[in-house]
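Reviewing the structure listed below.
Both ligands and their constituent atoms are indexed starting at 1 by order of listing. Residue numbers count from 1 along this sequence. Because only heavy atoms are used, hydrogens play no part in the values below, and waters and symmetry mates are left out as well, while side chains stay in. Please read all numbers here as calculations on a predicted model, not as lab measurements.
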Amino acid sequence: MRPSILVLPLLALTACSPTVQTAAPESAAAAAPVTAPILTGADAVDTSSYARPAEARVTHVALDLAADFAAKRLSGTATLDIDAVADAKEIVLDAKGLDIRAVTDDRGRALPFALGAADDARGAPLTVQLQGARRIRIAYASAPGAEALQWLAPAQTAGKVHPFLFSQGQAILNRSWIPTQDSPGIRQTWEARIVVPEPLKAVMSGERLTPDGEPAGAGRRAFRFRMDKPVAPYLIAIAVGDIAFQPLGPRTGVYAEPATLPAAAAELVDTEKMVATAEGLYGPYRWGRYDMIVLPPAFPYGGMENPTLTFLTPTFIAGDRSLNGLVAHELAHSWSGNLVTNAVWADSWLNEGFTSYFENRIMEALYGPRRAAQEAWLSWADMEASLKELGPDAPGTRLHDDSGADSGGIVYDKGATFLRTLERTVGRERFDAYLTSYFDRHAFQPMTSARFLADLRANLIRGDADLERRLLLDQWVYQPGLPANAARPDASVFAPVDQAVAAFNAGGAAAAVPYAGWTTAERLRFLNALPRQLPQPRLAELDAAFKLSDSGNAETLFAWLQLALANRYEPAVPAAERFLLGMGRRKFVSPLFETLMGQGDWGQPIARRLYAKARPMYHAVTTSAVDKVVK
Ligand code: BES
Ligand code: ZN
């Protein structure tokens, strides 16, 4: 039996009415709904998707695909289960560069289909005439340049022997390898059978049913996966390569290439504790296992919260676990993002701001208030810098941002600050109880800013007019800049570092700075607080005293290179070259090229030379950013 579409009424932007209860589980013990609701109304219209889910929507995706490394294609079939109104004639899917070979119903009868005009961002609508079908099968192949996929040559891996493939779906890239409704408000369950050449292994962001695979003929093996909880389709992810696994705890473990696995596992030893800590804060982890895969260095992000299988950059491996806030962040998305999901990308703060706040709470619970306060302060400083750069009235500084402007990620820090402000205003105990109940009430459902505010008013504020007045909720969510009630993190945590900066600025020796004894956050604070213009001898002194160009910590190396390259400090160029050719994380790559391009006759030739070498190694996410910088 197929459940019918559940449609939730939209709450007006300023509505104070209680949220509508849905078929969502009351508690973690309850199973996830098979079909998740779709929101209707202006604030839930996804302008990044061609889908018209109120007419016909995908509820389940079954993939049967083979990976062809020579052709750089995934090809096979996607079988979609569809929920549609009785008189629905057609379903509209998202497709980007897909080679669609045939569409049939479940008895093999051909169904008419058409690919509409494509645009660069969204790709094309794929419209299928249903002719009464409620299950359709699409035979297709992804294009060799599919934006979600990166096909790595052996030279781009740690082992150097086998090729590697990984996907990155967020935000709207999965339509380049899966023909479905690629919209975060249209949750879908899924299953997959993936055929790969031996001896490679495939892993995906769902239950891994055949860890060692099954014979699939002609030197190939098949791997099967299942996600029985409805997820936003950007969370379907795959990696294929020479992948080994090491357990970390009863429900945690790490995948990586064999050469990377020992260092990865050492860096991740606290993961099992992290999951328990997160549960202690905001309720049960509802996804079964929490595993991670440490990818080759071309992975364009720090991390990606693919359910049951977080994808991680190897650049978080510092040797001392000082960058494992990244793991806390991706784990936190198991609640904010994967369980309760932004219905539209204009509300990505509901994913990223909540998660940044949650991340810091995990760090505090696990490592203590000092480390958490230091990291919160760095985030606050980033936010202030972005506000200054963009200007306090810039539309891109709003949490609910439908301007399409590049906000430089301010929703992370401003969103976290908003939640910290709520916490400080109502008290931690009360706010934590509210957040736990919020995740429970909206588990496996889409969320919008308006619905969140309505939920907050119904379940936290409860008509307390004085509290409502003090919180400035609408200003926080819909206005640019920073509201006056913003909760500042404790700045005293960096007082000793700021004193060291002052002493150095007054002419003190670099050797007098107690850098070696500092935490990574303190080192970052120090490097980023130094004047942006420094004479060459002072840079040389810093480099020699703290071995900055040889740093094995990607964050401190990045902070140093930003300073050094902005001052045309030639001795740092080889380190910049090693770094930029050794990994493809956009957050590091793009600003470093920008800095070089800002250095005229000195920096621009270096940037062009390095980019010519590095570009073929980078993911499309990174090249599309750097192409705009290096011309
Ligand atoms: N979900 C994001 C990554 C993302 C965001 C991909 C938007 C595509 C579009 C992930 O959780 C994230 O925020 N990663 C950060 C690390 C985090 C510690 C701030 C990153 O990749 O740097
Ligand atoms: Zn995130």
Top protein contact for [atom], by heavy-atom distance:
atom: atom 10 (C) of ligand 1; answer: Gly303 O, 3.2 Å
atom: atom 20 (C) of ligand 1; answer: Gly302 N, 3.4 Å
atom: atom 4 (C) of ligand 1; answer: Gln170 OE1, 3.2 Å
atom: atom 16 (C) of ligand 1; answer: Leu326 CD1, 3.5 Å
atom: atom 2 (C) of ligand 1; answer: Glu352 OE2, 3.3 Å

**Message:** Is it true that Thr417 and Trp380 share a donor-acceptor pair across their side chains at a distance under 3.5 Å?
**Reply:**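 Trp380 vs Thr417: no donor-acceptor pair found between side chains.
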**Heavy-atom proximity to atom 1 (N) of ligand 1, best of Arg586, Glu305, His329** =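 Looking at heavy atoms only, the winner is Glu305.
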**Request:** Select the closest option to atom 13 (O) of ligand 1 among Tyr301, Tyr234, Tyr412, Phe316, judged by heavy-atom distance.
**Result:**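 Among Tyr301, Tyr234, Tyr412, Phe316, the closest heavy atom to atom 13 (O) of ligand 1 belongs to Tyr412.
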**Asked** Which atoms of ligand 1 have any heavy atom of Glu330 under 4.0 Å away?
**Response**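 Listed by number with element: 10 (C), 11 (O), 12 (C), 14 (N), 16 (C).
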**Asked** For ligand 1, which atoms, with element, lie under 4.0 Å from some heavy atom of Gln168?
**Response**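 Once the distances to Gln168 are compared, the set is 6 (C), 8 (C).
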**Prompt:** Trp190 ring centre to Arg226 NZ or CZ under 6.0 Å, with the angle to the axis within 45°?
**Reply:**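 Verdict for Trp190: no cation-pi partner in Arg226.
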**Message:** Given the ring of Tyr367, does Arg371 sit roughly above its face, with NZ or CZ under 6.0 Å from the centre of the six-membered ring and within 45° of the axis?
**Reply:**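 Cation-pi check for Arg371 and Tyr367: passes.
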**Prompt:** Any idea which N/O/S atom from His333 gets closest to the Zn ion (ligand 2)?
**Reply:**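 Closest to the Zn ion (ligand 2) among those atoms: NE2.
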**Atom of Glu352 closest to the Zn ion (ligand 2), considering N, O or S atoms** =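 Closest N, O or S atom of Glu352 to the Zn ion (ligand 2): OE1.
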Under 3.5 Å, side chain of [X] to main-chain N/O of [Y], donor-acceptor pair present?
X: Lys414; Y: Thr397; value: yes
X: Asn338; Y: Glu305; value: yes
X: Gln150; Y: Gln168; value: no

**Request:** Of all the heavy-atom pairs spanning Ile172 and Ser48, show the shortest one and how long it is.
**Result:**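 For Ile172 versus Ser48, the nearest heavy atoms are CG2-CB, 3.9 Å.
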**Asked** How many angstroms lie between OH in Tyr255 and CZ in Phe311, if you round to the nearest 0.5 Å?
**Response**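 Those atoms lie 11.0 Å apart.
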**Prompt:** Can you tell me how far CZ of Arg175 sits from CZ of Arg122, rounded to the nearest 0.5 angstrom?
**Reply:**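 That separation rounds to 8.5 Å.
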**Message:** If you measure every N or O of Glu359 against every N or O of ligand 1, does any of those distances drop under 3.5 Å?
**Reply:**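 Such a contact does not occur with ligand 1.
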**contact_flag Arg585 ligand 1 heavy-atom lt 4.0 Å** =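 Yes, Arg585 has heavy atoms under 4.0 Å from ligand 1.
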